[in-house]
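Report on the structure given below.
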Amino acid sequence: MNEGNLIDPRETKLAGSFIEQIIIDDLAAGKNDGRVHTRFPPEPNGYLHIGHAKAICLDFGMAQKYGGKCNLRFDDTNPVKEEVEYIDSIKEDIRWLGFDWEDREYYASDYFGKLYDFAVDLIKKGLAYVDDQPAAVISSQKGTPTQPGTESPFRGRSPEENLDLFERMNHGEFEEGSRVLRARIDMASPNMHMRDPIIYRIIKTAHHRTGESWKVYPMYDFAHGQCDYFEGITHSLCTLEFEVHRPLYDWLIDQLKTDDYRPRQIEFNRLNLTYTMMSKRKLLELVQEGLVSGWDDPRMPTLCGLRRRGYTPESIRKFVDLIGYTKVEAINDVSLLEHAVRDDLNLRTPRVFAVLNPLKVVITNYPEGKTENVELINNPEDESMGSRTIPFSRELYIEQEDFMENPPHKFFRLAPGKEVRLKGAYIIKCTGFEKDAAGNVTEVRCTYDPETRSGASLADRKVKATLHWVSAEHAIDAEVRLYDRLFNTEDPAGQKDEDYRNFLNPDSLKVLRGCKAEPSLATARPLDKFQFQRLGYFCVDPDSTSNNLVFNRTVGLRDSWAKLNK
RNA sequence: UGCUCCGUGGUGUAAUUGGCAACACGUCUGACUCUGGAUCAGAAAAGUUCAGGUUCGAGCCCUGACGGAGCAACCA
C-alpha cells in the first residue's frame with residue numbers, strides 16, 4: 001500500500017509513460033532551471049469522475065516524482081455554469097485520492113485583470129478587434145474544416161475604436177451577445193481554432209468570486225494557456241482533444257512572453273471505461289432526471305460515487321497506474337478496475353459472515369437452547385488483524401443458493417444426504433427439508449457431527465464445500481444493495497442514433513432486505529469495508545443507521561461456480 | 001476528400017531509440033485451500049493494418065494506401 005502520497009518508483013517502473021520520458025528529457029536538457037511544475041485545472045461545473053482521477057494522478061504524480069509542484073487551479077471563466085458546491089466537492093475528492101496542492105489553490109479568475117490587460121495589449125498591436133456581428137453570422141463566416149472562412153467586416157477597425165468598444169463592453173453598455181472580442185489571426189488557416197477565435201464575450205451573470213466586477217469574460221482558450229504561463233507551469237498536461245488548440249496557445253504566448261520560458265503542453269488519451277460514460281454533461285442529466293440517486297450514487301463513475309460504493313483511493317491509483325498514458329484512444333475494461341479493488345480490499349478488509357438470502361437450517365441433534373462461541377480468523381492474508389468469535393446454535397441461516405434439492409453434477413454444496421462444513425464450526429449432513437405450497441424450500445434439516453468442530457482432532461475430514469452461516473437467534477438484520485453496471489452496453493454514449501438512456505441496465509440496483517449478518521457488524525460505521533465471506537466486498541452506506549444497517553456491494557468475489565454455469 | 005493525431009495477442013500497455021515482440025488483466029490446465037476467494041505452477045494467444053523502400057537486420061526510419069479519432073460552442 002502507498003505510504004502517504006509518494007509514488008513508489010517500483011510500482012511505476014513499467015508504467016513510465018511517454019510524458020514521463022519528456023519530463024526526464026527536459027530535466028536532462030536543463031530546461032526551466034530544473035523545475036517541474038504542473039497543474040490540475042478542473043472547471044467547477046460538476047463532480048470529478050474517474051477520468052479526472054487519471055489526470056490528477058499524472059499531474060500530481062509527476063510533480064511528486066520529480067521534486068516539483070502541482071497547482072490546483074479552477075477554470076472558472078464561465079459564471080453561468082459554475083458553482084461553489086462543485087469547488088468544495090472537487091477539493092474533497094482530490095484530497096481523498098491522496099493528493100495535496102498545499103497553499104497553491106488558484107482560480108482563472110485570479111488572472112482576470114492580467115488577462116484583460118493582455119487583451120488590451122493585443123488590441124493596441126492590431127491583433128484583436130471587436131466584432132459586432134451576431135453569433136450565427138460569425139459562425140457561418142468561420143467556414144468549414146475543408147473551406148476557408150471569410151473575414152468579418154469589422155476586422156479592420158482601428159485600435160482606438162476597438163479599445164473604446166472593449167472598455168464599454170466591460171462597463172455593461174452592451175447586451176450579452178451583441179459584441180465579442182476576437183483575436184486577429186488568419187481566417188484561412190487550416191486550423192479552425194486560428195480563424196480569428198473569440199477571446200472575450202459579454203456575460204452579465206455574477207461570478208462566484210469576482211461578483212459584478214466584470215461584464216466581459218475570457219474564453220477558455222484565451223485563459224488557459226496564459227494562466228499556465230502566469231503560474232510558471234512547465235508541463236501542461238491535458239487530453240488529446242486539445243492538441244489542435246496548441247497552435248493557438250503558442251500564438252498567444254508568443255505575444256505575451258518576455259524570455260524563453262513557455263509552458264509545454266503534452267496531450268494524452270482520456271479514460272474511457274466500458275459500461276459507463278464520462279461526459280460531465282450526461283452525468284449531470286442522469287442526476288437531474290433522477291435516473292440515479294445523485295452524483296454519489298454508487299453506480300456513478302464519479303469519485304464520490306466510487307467512494308460510496310466502497311472503492312479505496314489506493315485501488316483507483318493502482319488502476320490508473322495499470323492502464324497507463326498513451327495517445328491511443330482506447331476503451332478500458334471495467335473488469336480491470338474491479339480487479340484493482342478486489343486486489344486492494346483482499347488485503348485490508350476483515351472477513352465476516354452475512355447471509356443475503358436466508359434459508360433456515362435446523363441441526364436436529366444439537367441441544368436446544370445451547371450456544372457455542374466459535375473462533376474465526378479475521379483475515380487470512382493478514383495475521384495482525386486477529387480473530388473474533390461468533391455464536392453457533394441449533395438454528396442457523398445459510399444462503400438459499402447453497403442448498404439444492406436436485407443438485408447438478410458439480411454442485412459441491414448442501415443437498416439431501418450430502419455433507420458440508422460450516423466454516424469455523426461443524427460438518428453437517430442434510431437429512432431432510434420442507435417446502436411451501438409454491439414448492440420453495442423453506443427449511444433444511446441436518447445433523448451435525450460433534451467430533452468435527454474446527455480445530456478439534458477429528459476435524460480434518462474432507463468435505464467438498466465450506467459454507468458461511470449465521471446463528472438465527474443472534475443474527476442482526478441488514479439491508480444490502482447489490483449494484484451492477486449502470487448500462488448494459490459497452491459504450492452507451494457512443495451508440496449512433498440511439499440515446500444512452502435506452503441502454504440503462506434495469507437491474508443495476510437490487511435491494512435486499514432481511515439479510516442476516518453476524519452480530520459483530522452491529523457496530524459498523526459508514527464507509528467501513530468488509531469481505532462478506534464467499535460473496536464479495538461490501539461497504540457500509542452513509543444511509544445506514546443503528547436501526548437499519550445498509551451495505552453496498554462494492555464488487556463480488558471471483559466466482560468460478562457462477563462462471564461454470566454460464 | 002483541409003488540418004492534427006493514432007493503428008502491437010481478447011483488452012490495456014512495453015520493446016534499452018534499428019537486433020527476429022515483453023508485462024498485466026482476462027482465458028484454459030494443474031496444485032493447494034475450512035472462502036468454488038486468495039496463493040502457487042504451467043499453457044494457449046499477436047509476427048506488430050496493408051504494400052513497397054532503405055538496411056546485414058525494421059514494430060521502430062522513408063513513401064503510398066487502408067482504417068479510426070479529433071477540429072466548424074459567445075462551452076471547457
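By convention in this document, chain letters (A, B, ...) are assigned in the order of the sequence lines, proteins followed by strands, and residues within each chain are numbered from 1.
- Protein atom NZ of A:Lys327 is 10 Å distant from nucleotide atom P of B:G7, rounded to whole Å.
- For A:Thr326, counting side-chain heavy atoms from C-beta on, the closest listed nucleotide (B:U13, B:G12, B:C74) is B:U13.
- Across B:G7, B:G37, B:A72, the shortest atom-to-atom separation from the side chain of A:Met192 is found for B:A72.
- Side-chain proximity of A:Phe411 to the nucleotides B:G2, B:U11, B:G36 is greatest for B:G36.
- Interface remark: the A:Arg413 side chain does form a donor-acceptor pair with the B:G36 base, using a distance-only criterion of under 3.5 Å.
- Closest to the side chain of A:Ile323, out of B:G12, B:U35, B:A24, is B:G12.
- Here A:Arg461 does not pair with A:Glu451 in a salt bridge; the nearest charged N to carboxylate O distance is not below 4.0 Å.
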Quiz item: How does RNA chain B read in dot-bracket, base by base from 5' to 3', with Watson-Crick or G-U pairs under 3.5 Å and | used when the partner is on another strand?
Solution: .((((((..((((.....[..)))).(((((.......))))).....(((((..]....))))))))))).....
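- Atom CD of A:Gln21 has more than 12 heavy atoms from other residues, nucleotides or ligands within 6.0 Å.
- Taking only side-chain atoms of A:Thr77, from C-beta outward, the nucleotide of B:A76, B:U35, B:A72 with the closest atom is B:A76.
- Proximity of the aromatic rings of A:Phe551 and A:Phe532 is defined here by a centroid distance below 6.0 angstrom, and this criterion is met.
- Each of B:G37, B:G12, B:U27 was ranked by its minimum atom distance to the side chain of A:Asn332; first place goes to B:G12.
- Side-chain contact between A:Arg209 and A:Asp110 is present, with at least one heavy-atom pair separated by less than 4.5 Å.
- From A:Phe530, atom CZ reaches atom SG of A:Cys539 across 9.0 Å, with rounding to the nearest 0.5 Å.
- With a 4.5 Å cut-off on side-chain heavy atoms, A:Ser236 and A:Ile266 do not count as touching.
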Can you give me the N/O atom pairs linking the protein to nucleotides 65-68 of chain B at distances under 3.5 Å, or say none if there are none?
none

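- Only one option out of A:Arg168, A:Arg179, A:Lys204 pairs with A:Glu173 in a salt bridge (Lys or Arg N to Asp or Glu O under 4.0 Å); it is A:Arg168.
- The ring pair (Phe, Tyr, Trp, His ring centres under 6.0 Å) analysis of residues 171-195 of chain A, with sequence neighbours excluded, yields the pairs A:His193-A:His245.
- At least one side-chain nitrogen or oxygen of A:Arg534 sits closer than 4.0 Å to the OP1 or OP2 atom of B:G36.
- For B:G37, the OP1/OP2 oxygens have a side-chain nitrogen or oxygen of A:Ser560 closer than 4.0 Å.
- Against RNA chain B, the stretch residues 242-251 of chain A makes heavy-atom approaches under 4.0 Å through A:Phe242, A:Glu243, A:Val244, A:His245.
- Salt bridge status for A:Asp131 with A:Arg155: absent, with no side-chain N to carboxylate O gap under 4.0 Å.
- Taking only side-chain nitrogens and oxygens, A:Arg270 never comes nearer than 4.0 Å to OP1 or OP2 of B:A69.
- When the P atom of B:A73 is taken as reference, atom CD of A:Gln141 falls 13 Å away, rounded to whole Å.
- Ranking B:A72, B:G36, B:G37 by closeness to the A:Lys142 side chain, first place goes to B:A72.
- Straight-line distance from the CG atom of A:Asp333 to the P atom of B:U11: 10 Å, rounded to whole Å.
- If A:Gln531 and A:Glu82 are placed on RNA chain B by their nearest nucleotide, the residue sitting closer to the 5' end is A:Gln531.
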Practice problem: Using the side-chain contact (heavy atoms from CB on, under 4.5 Å) rule, take A:Phe538 and A:Leu345 through it: C-alpha gap first, then chi angles, then the decisive distance, then the call. | Solution: CA-CA 10 Å; A:Phe538 293 76; A:Leu345 261 17; over 6 Å; no
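- At the phosphate of B:U13, OP1 or OP2 sits under 4.0 Å from a side-chain N or O atom of A:Asn269.
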Do any N or O atoms of the protein come closer than 3.5 Å to N or O atoms of nucleotides 39-45 of chain B, and which pairs are they?
none

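- Remark: A:Phe166 engages A:Tyr116, A:Tyr200 in a ring pair (Phe, Tyr, Trp, His ring centres under 6.0 Å) (not counting sequence neighbours).
- Separation of atoms CG (A:Asp333) and NE2 (A:His339) is listed at 12.0 Å; rounding is to 0.5 Å.
- Between A:Ser189 and the phosphate of B:C3, there is no side-chain N or O to OP1/OP2 separation shorter than 4.0 Å.
- Ionic pairing of A:Arg270 and A:Glu329 is not present here: no N-O contact between side-chain nitrogen and carboxylate oxygen is shorter than 4.0 angstrom.
- Between A:Phe242 and A:Tyr220, a ring centre-to-centre spacing shorter than 6.0 Å is recorded.
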